[in-house]
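A quick write-up on the structure given underneath.
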Number of protein chains: 2
Amino acid sequence: MTGALKSTRSLNVTEALRERLLQGEFDPGTRLQETWLAERMQVSRTPIREALRVLAKDGLLEYAPNRGYSVRHFSLDDIVSAFRVRSVLEGLGCRLIAERGMSSGLSESLHATLQTGENLLQSGQLQRGEFDEWREMNKAFHLAILLETHNDLLVRFAKQSRNIPIVFNGSFRWYSLREFQRAHDHHQVIFDAMANQQPERADFMMQEHIMHAALILKKNYND
Amino acid sequence: MTGALKSTRSLNVTEALRERLLQGEFDPGTRLQETWLAERMQVSRTPIREALRVLAKDGLLEYAPNRGYSVRHFSLDDIVSAFRVRSVLEGLGCRLIAERGMSSGLSESLHATLQTGENLLQSGQLQRGEFDEWREMNKAFHLAILLETHNDLLVRFAKQSRNIPIVFNGSFRWYSLREFQRAHDHHQVIFDAMANQQPERADFMMQEHIMHAALILKKNYND
DNA sequence: AAGGGAAAGATTGTATACAATTTCCAACCC
DNA sequence: GGGTTGGAAATTGTATACAATCTTTCCCTT
């Protein structure tokens, strides 16, 4: 299994809070007071403080000494900037794999996600519940590539760059069938480029893929 | 001034510990016990714990629940991987600036660093103390570019990617005059590319610049 | 009434006490 | 002897008490 067997309140609180921040539960600028959070989460201030510090490191909160933590505001520019960073990171991932060639394990994993994508597109129009399946598939595709690079820092940064409220839960909201199809096409080309050891093409298409997602977001995001 | 006026023991301990880790004061694998650190640093366990958690997030320490923190080992592969990541990040920085054109402020800052580099190379052979000057100049060059992008995540990641013991203090140790000259040439070309709005060239040369540094490291680093 | 400033309240920072878990070691069984 | 079990010691996790800092309020001065 993939699960974390051991945990602590501190870690649990961190992830619970992160989730709530990513859901956009707190308005930007809101000050997160330790005592308030502590009693609300049925826990002492100690694990709360540790969680807050970590989430600030992740860029979700802002911190000022003796003044505590507040919820960070993400402008549209911030979000697009994050996409740009992520695009070169994942682009690099594809390039590295294309250079050395795909392992059979990666080839199979990606093939499975492509198949899943194909199936989801068959129905003609993605239903409510299928959004989640698509999101799963998409996440699996991108993560499989990253992990195969065995570049620890690359994986960490790419994961971290997705820590943006709202964006990485409901962003497929805006997608029409046409957009899903295009994303699927991108995935296929990326796969093909890596399979045929075309680093430049793999890198470029991954950047294109991610920045197109940013473009759609830009068109629809209001704030 | 640039200084942080307000601070806390927690923050001070974090930076002090980070510095010592970057100096390679602790052998990889060493377990850092809270009580030991606490009495050695004349402070209670509380700020120590917060520091450890942050440094683990920065990738300098490894953490296991209920087992505490230990000093991370960086293989040569880890280090080169980090350089590769940094190269695409800073490459992106150059690209972004080349696309939109340099501000006069950046142009002046970079010109100053280039001049400093020129002067340091004049003497024919860099002396002991001049290594630090070169390091300062180099840091200023790279940081000025990053900051000008106004891409928060990019700056954070690029800075974080330098958090590797030993490497980013004494790496110029291996440089011959020839290598310093080559680095200086790179800086000049990067500046020129950005000044003439050549994004592709600026990006490429920054990657070349950083990966060449990695190459020198690879040749000389033993462990 | 506007501004300044001191005291009270609220909030964060730090130390310490206690709880939970792991580690170590020795006795024991097979 | 190899391995296991039990428990004591050590270490981390959590709660709480206290200290330092910031915030607010209200009174005073001009």
Side-chain angles (χ1 to χ4, degrees), chain A residues 1-21 25-73, chain B residues 1-21 25-73:
Chain A
M1 296 291 149
T2 143
L5 299 88
K6 285 289 151 57
S7 191
T8 68
R9 279 176 224 195
S10 193
L11 294 175
N12 292 335
V13 166
T14 304
E15 291 319 307
L17 248 182
R18 184 201 304 282
E19 208 48 51
R20 290 166 68 180
L21 286 165
E25 187 173 327
F26 304 99
D27 290 336
T30 306
R31 280 188 59 178
L32 294 184
Q33 293 192 0
E34 298 171 3
T35 51
W36 185 82
L37 281 171
E39 61 184 43
R40 204 178 137 90
M41 301 189 82
Q42 302 278 40
V43 88
S44 85
R45 276 177 59 212
T46 309
I48 297 285
R49 281 179 64 83
E50 298 186 338
L52 291 175
R53 185 145 300 204
V54 168
L55 294 170
K57 257 264 144 197
D58 275 341
L60 286 169
L61 301 176
E62 283 172 349
Y63 168 74
N66 286 308
R67 303 207 40 245
Y69 300 84
S70 53
V71 179
R72 172 169 167 197
H73 169 73
Chain B
M1 292 297 134
T2 141
L5 299 88
K6 286 288 152 58
S7 192
T8 68
R9 281 178 222 191
S10 194
L11 294 176
N12 292 334
V13 165
T14 305
E15 291 319 306
L17 247 182
R18 183 201 303 284
E19 207 49 50
R20 291 166 67 181
L21 285 166
E25 187 175 328
F26 305 97
D27 290 335
T30 306
R31 281 188 60 177
L32 294 184
Q33 293 192 358
E34 298 171 3
T35 50
W36 185 82
L37 281 170
E39 62 184 40
R40 204 179 137 90
M41 302 188 83
Q42 303 277 40
V43 88
S44 85
R45 275 177 59 211
T46 308
I48 297 284
R49 280 179 63 85
E50 298 186 339
L52 291 175
R53 187 145 297 205
V54 168
L55 294 170
K57 257 259 140 201
D58 275 341
L60 287 169
L61 301 176
E62 282 171 350
Y63 169 73
N66 286 307
R67 304 206 40 243
Y69 300 85
S70 54
V71 179
R72 171 166 169 199
H73 169 73

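Per chain, numbering begins at 1; letters A, B, ... match sequence-line order.
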If you check the [X] side chain, which of [options] turns out closest?
| X | options | value |
| --- | --- | --- |
| R67(B) | dT22(C), dT11(C), dA15(C) | dT22(C) |
| V43(B) | dA15(C), dT23(C), dA15(D) | dA15(C) |
| S10(B) | dT12(C), dA15(D), dT14(C) | dT14(C) |

| query | Does the side chain of L55(B) reach to within under 4.5 Å of the side chain of L32(B), using non-hydrogen atoms? | reply |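 They are not in side-chain contact.
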| query | When we call it a touch if two heavy atoms are under 4.0 Å apart, what does T8(A) touch: a base, just sugar-phosphate, or nothing? | reply |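 The answer is sugar-phosphate, as T8(A) gets under 4.0 Å only of primed atoms, P, OP1 or OP2.
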What's the [atom1]-[atom2] distance between [X] and [N], to the nearest Å?
| X | N | atom1 | atom2 | result |
| --- | --- | --- | --- | --- |
| L32(B) | dT11(D) | CG | C1' | 13 Å |
| N66(B) | dT11(D) | CG | P | 14 Å |
| L11(A) | dT12(D) | CG | P | 15 Å |
| Q42(A) | dT16(D) | CD | P | 12 Å |
| I48(A) | dT16(D) | CD1 | P | 13 Å |
| E50(A) | dA15(D) | CD | P | 11 Å |
| R49(A) | dT16(C) | CZ | P | 16 Å |
| E39(A) | dT11(C) | CD | P | 11 Å |

Would you say a side-chain N or O of [X] is under 4.0 Å from OP1 or OP2 of [N]?
| X | N | result |
| --- | --- | --- |
| Y63(B) | dG13(D) | yes |
| R45(B) | dT12(D) | no |
| S44(A) | dA15(D) | yes |

| message | On DNA chain C, does the nearest nucleotide to R9(A) precede the nearest nucleotide to P47(B) from the 5' side, or the other way round? Give the residue. | response |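 Nearest nucleotide further toward 5': that of P47(B).
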| Pair T46(B), R49(A): side-chain N/O donor-acceptor within cut-off below 3.5 Å |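 Side chains of T46(B) and R49(A): no pair found under 3.5 Å.
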| request: May I ask you to decide if R67(B)'s main-chain N or O and R31(B)'s side chain share a donor-acceptor pair within less than 3.5 Å? | output: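 Flag set: sc R31(B) to bb R67(B) pair under 3.5 Å.
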| request: Between R31(B) and T46(B), just flag the one whose closest nucleotide in DNA chain D comes earlier from the 5' side. | output: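 That would be R31(B).
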| How long is the span from the CG atom in L17(B) to the CZ atom in F26(B), to the nearest 0.5 Å? |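 These two atoms lie 6.0 Å from each other.
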| Value rounded to 0.5 Å, distance of CD in E39(A) from CD in Q33(A) |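 E39(A) atom CD to Q33(A) atom CD measures 10.0 Å (nearest 0.5 Å).
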